[in-house]
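In this chain, residues are counted from 1 in sequence order.
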Amino acid sequence: MQTSFSITQLMDPQIASSEKILRACVHCGFCTATCPTYVLLGDELDSPRGRIYLIKEMLEQDKPATPEVVKHIDRCLSCLACMTTCPSGVHYMHLVDYARERIEKTYKRPAIDRALRAVLARVLVNPRLFRLAVVAGLIARPLAPVFAALGMRPVAAMLRLTPRRKPAPPAERSGKVYPPEGKRRGRVALLSGCINPVLAPSTNEAAIRLLNRHGIEVVRAAGEACCGSLAHHMGREDEALSQARNNIDAWTRELEGQGLDAILVTVSGCGTTIKDYGFLLRNDPAYAAKAARVSACTRDVTEYLAVLGLREAGASAPLTVAYHAACSLQHGQKVLRQPKNLLSKAGFVVKDVPEGHLCCGSAGTYNILQSVLAEQLRARKVANIELLKPDAIATGNIGCIMQLAAGTNIPVVHTVELLDWATGGPVPGPLVELVKRRASAR
Ligand code: SF4
Ligand code: SF4
């Protein structure tokens with residue numbers, strides 16, 4: 001694709017890297033076929049190629065974002081299916097990330113939208129505030145249809161997504177070390193995250209038991225907090241980078257202290273962002289090297305376990321599991337086989353979901369800010385999963401777990417919960433009833 005940036009514009013490193021990406025696009029349009037929003041809406045401007053043109057125009061003209069640009073970029077899930085499909089290696093992720101940053105800096109959203117985004121950016125990343133919000137959501141859940149009728153779709157979407165159970169109580173885990181069973185084979189840091197401790201503490205508890213059982217010492221680095229992913233996807237770059245720097249400092253202390261073999265992440269959306277810290281902070285002289293080191297050490301938990309190898313395992317009640325590949329894991333990190341291979345080795349019958357490349361609609365805050373499209377994508381995903389008649393759904397991202405659980409009665413669990421169970425851990429909470437029923441029917 002030809003571009004027409006001035007020399008002065010190209011002196012800005014952000015414009016220079018965007019220009020390289022734009023020039024790689026040969027506008028062949030292959031990416032449109034796998035773009036969820038193009039599949040749903042059939043509008044070229046809601047396809048990767050259309051968005052690339054819009055971004056090119058916005059950057060070349062060096063003008064504030066227009067309502068049209070904002071509309072179509074906001075509708076992008078950042079699912080990155082287009083990057084998997086693109087034969088020319090166009091790095092759409094870095095392009096759209098910068099477009100979102102430009103939008104936040106140059107476009108004034110309506111007051112209600114600004115307020116909602118500010119609240120999400122503040123509450124979701126703070127487990128204490130998020131816990132309070134979940135309790136309020138539990139109480140107000142029945143009012144979801146009322147908010148929808150009043151046109152307050154994001155509020156209605158948040159209430160519908162609120163799980164029916166109470167949030168987990170607060171627990172001080174920062175700086176805690178979990179010793180391995182038997183001889184130590186390695187030492188890793190595990191990201192605690194901000195959503196997991198409130199909605200699904202069982203995921204990291206299962207990961208720790210599983211790693212300890214396999215001889216791995218686990219540390220929750222002192223001072224570590226939100227990875228910055230949520231703010232980053234909303235274009236709030238200053239907040240995102242400050243959260244990234246905080247975590248880089250926390251993990252660097254561990255790397256330079258007792259040492260780490262890896263930094264493990266059980267939320268693939270966060271993993272994709274942390275693996276990109278090196279790029280995000282490449283122009284920060286104080287952090288560029290440290291950020292690159294942290295990114296290079298970061299692994300999805302299943303990537304690490306695949307190399308480590310599972311000890312003798314066998315699901316105590318073999319189940320058929322539909323494996324839902326989170327976009328951030330399959331497209332963002334290209335971790336494809338490891339979770340499925342581990343589940344198969346652990347004794348589960350693993351089934352691929354038809355149209356597995358399409359997003360479930362979760363995508364960070366997308367299912368709140370773009371609830372109509374997100375609900376359509378979830379309905380499509382759930383229909384594809386239900387065709388398989390699985391006993392359970394396994395996935396590697398809390399966003400997908402919440403999104404799918406709000407649309408189906410099939411239990412949804414994190415992959416590590418199944419692996420932990422199969423190697424001697426407890427039955428994952430959502431499967432307890434099913435396992436009891438199976439046992440009494442035998
Ligand atoms: S597939 Fe790649 S090169 Fe082709 S239009 Fe899409 S982004 Fe551009
Ligand atoms: S990231 Fe996903 S939604 Fe956005 S353009 Fe690419 S395929 Fe479409």
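Not counting sequence neighbours, E386 has no partner by the salt bridge (Lys or Arg N to Asp or Glu O under 4.0 Å) test. Partners of N247 under the side-chain hydrogen bond (donor to acceptor under 3.5 Å, both in side chains) rule, at least two apart in sequence or in another chain, do not exist in this structure. Legend: residues meeting side chain to side chain contact (heavy atoms under 4.5 Å, CB included) with L264, ordered by chain and number and at least two apart, are V188, L190, L211, A262, R299, V301, Y304. Contacts of R102 classified as salt bridge (Lys or Arg N to Asp or Glu O under 4.0 Å), with partners at least two apart in sequence or in another chain: D62. For R109, the side chain to side chain contact (heavy atoms under 4.5 Å, CB included) partners two or more places apart in sequence, or in a different chain, are V70, D74, I103, E104, Y107, D113, R114, R117. Remark: K334 engages no residue in a salt bridge (Lys or Arg N to Asp or Glu O under 4.0 Å) (not counting sequence neighbours). For E375, the side-chain hydrogen bond (donor to acceptor under 3.5 Å, both in side chains) partners are R160, not counting sequence neighbours. Residues passing the side chain to side chain contact (heavy atoms under 4.5 Å, CB included) test with C86 are S88, V90, sequence neighbours excluded. Taking K290 as the reference, I248, D249, T252, Y287 meet the side chain to side chain contact (heavy atoms under 4.5 Å, CB included) condition, with sequence neighbours excluded. Contacts of E44 classified as side-chain hydrogen bond (donor to acceptor under 3.5 Å, both in side chains), with partners at least two apart in sequence or in another chain: R49. Applying the salt bridge (Lys or Arg N to Asp or Glu O under 4.0 Å) criterion to E237, with sequence neighbours excluded, gives no partner residue. Considering only residues two or more places apart in sequence or on other chains, S78 meets the side-chain hydrogen bond (donor to acceptor under 3.5 Å, both in side chains) condition with R100.
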What verdict does the side-chain contact (heavy atoms from CB on, under 4.5 Å) test give for H72 and D43, after you've listed the backbone C-alpha separation in whole Å, the side-chain angles of each residue and the deciding distance to 0.1 Å? CA-CA 10 Å; H72 296 290; D43 181 342; 3.9 Å; yes
Given the rule in the side chain to side chain donor-acceptor pair (under 3.5 Å) test, do N212 and E181 qualify, once you have shown the distances and angles that lead to the verdict? CA-CA 6 Å; N212 286 166; E181 286 174 19; over 6 Å; no
Residue pair S18, I55: steps toward the side-chain contact (heavy atoms from CB on, under 4.5 Å) verdict: CA-CA 9 Å; S18 300; I55 297 169; over 6 Å; no
Take S17 and H94 through the test side-chain contact (heavy atoms from CB on, under 4.5 Å) and record every step on the way to the result. CA-CA 8 Å; S17 22; H94 288 160; over 6 Å; no
Carefully, step by step, assess R236 and E101 under the rule salt bridge (charged side-chain N to carboxylate O under 4.0 Å, His left out). CA-CA 6 Å; R236 303 169 79 96; E101 186 185 338; over 6 Å; no
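Counting heavy atoms from C-beta outward, W421 and L431 have side chains that approach closer than 4.5 Å. A heavy-atom distance below 4.5 Å is found between the side chains of R293 and L255. Looking at heavy atoms from C-beta onward, P390 lies in side-chain contact with I385 at the 4.5 angstrom threshold. Here the side chains of T272 and V265 are not in contact, with every heavy-atom distance at 4.5 Å or above. No side-chain heavy atom of I393 sits under 4.5 Å from any side-chain heavy atom of V321. Side-chain contact between L129 and R122: present, with at least one pair of heavy atoms (C-beta onward) separated by less than 4.5 Å. Taking the side chain as every heavy atom from C-beta outward, T320 and K389 never approach each other to under 4.5 Å. Side-chain contact check for R220 versus Y178: some heavy-atom pair is nearer than 4.5 Å.
Residue M402 comes nearest to P163 through the heavy atom pair CE-CG, 3.6 Å, listed as atom of the first residue, atom of the second, then distance. Of all non-hydrogen atoms in L191 and C270, the two that sit nearest each other are CD2-CB, 3.7 Å. Considering every non-hydrogen atom in both Y38 and T32, the closest pair reads CD2-O, 3.3 Å. The shortest heavy-atom contact between L77 and C359 is CD2-SG, 3.8 Å. Nearest heavy atom pair, residue H331 against residue H357, reads NE2-O, 3.1 Å. The two atoms that bring Y323 and P339 nearest to each other are OH-CG, 3.3 Å, heavy atoms only.
Counting only N and O atoms by type, the side chains of T415 and T302 include no donor and acceptor under 3.5 Å apart. Checked by atom type, the side-chain pair S202/E417 shows a donor-acceptor distance below 3.5 Å. Between the side chains of Q403 and N367, a donor-acceptor pair is found at a separation under 3.5 Å.
For CZ of R153, the number of neighbouring non-hydrogen atoms (other residues, nucleotides, ligands) closer than 6.0 Å is 12 at most.
With rounding to the nearest 0.5 Å, the separation of CD in Q370 from OG1 in T37 is 9.5 Å. Here the straight-line distance linking atom CD of E205 with atom CG of L210 works out to 13.5 Å at 0.5 Å rounding.
Between the side chain of N397 and the backbone N or O of S268, at least one donor-acceptor pair lies under 3.5 Å. Within the 3.5 Å criterion, the main-chain N or O of C227 finds a donor-acceptor partner in the side chain of Y277. In this structure, T273 contributes its side chain and S229 its backbone to no donor-acceptor pair below 3.5 Å. When atom types are taken as modelled, the side chain of T395 and the backbone of C400 share no donor-acceptor pair closer than 3.5 angstrom. Remark: the backbone N or O of R311 is paired with a side-chain donor or acceptor of H214 at under 3.5 angstrom.
Between H91 and F279, the ring planes lie parallel to each other; the angle is under 30°, not in the 30° to 60° tilted range.
The residues D46 and R51 are annotated as salt-bridged, a charged nitrogen and a carboxylate oxygen being separated by less than 4.0 angstrom. The pair R438-E433 does not count as a salt bridge, with every side-chain nitrogen at least 4.0 angstrom from each carboxylate oxygen. Salt bridge present: D420 and R209 bring a charged side-chain N and a carboxylate O closer than 4.0 Å. In this structure, R187 pairs ionically with E254, as a charged nitrogen and a carboxylate oxygen lie closer than 4.0 Å.
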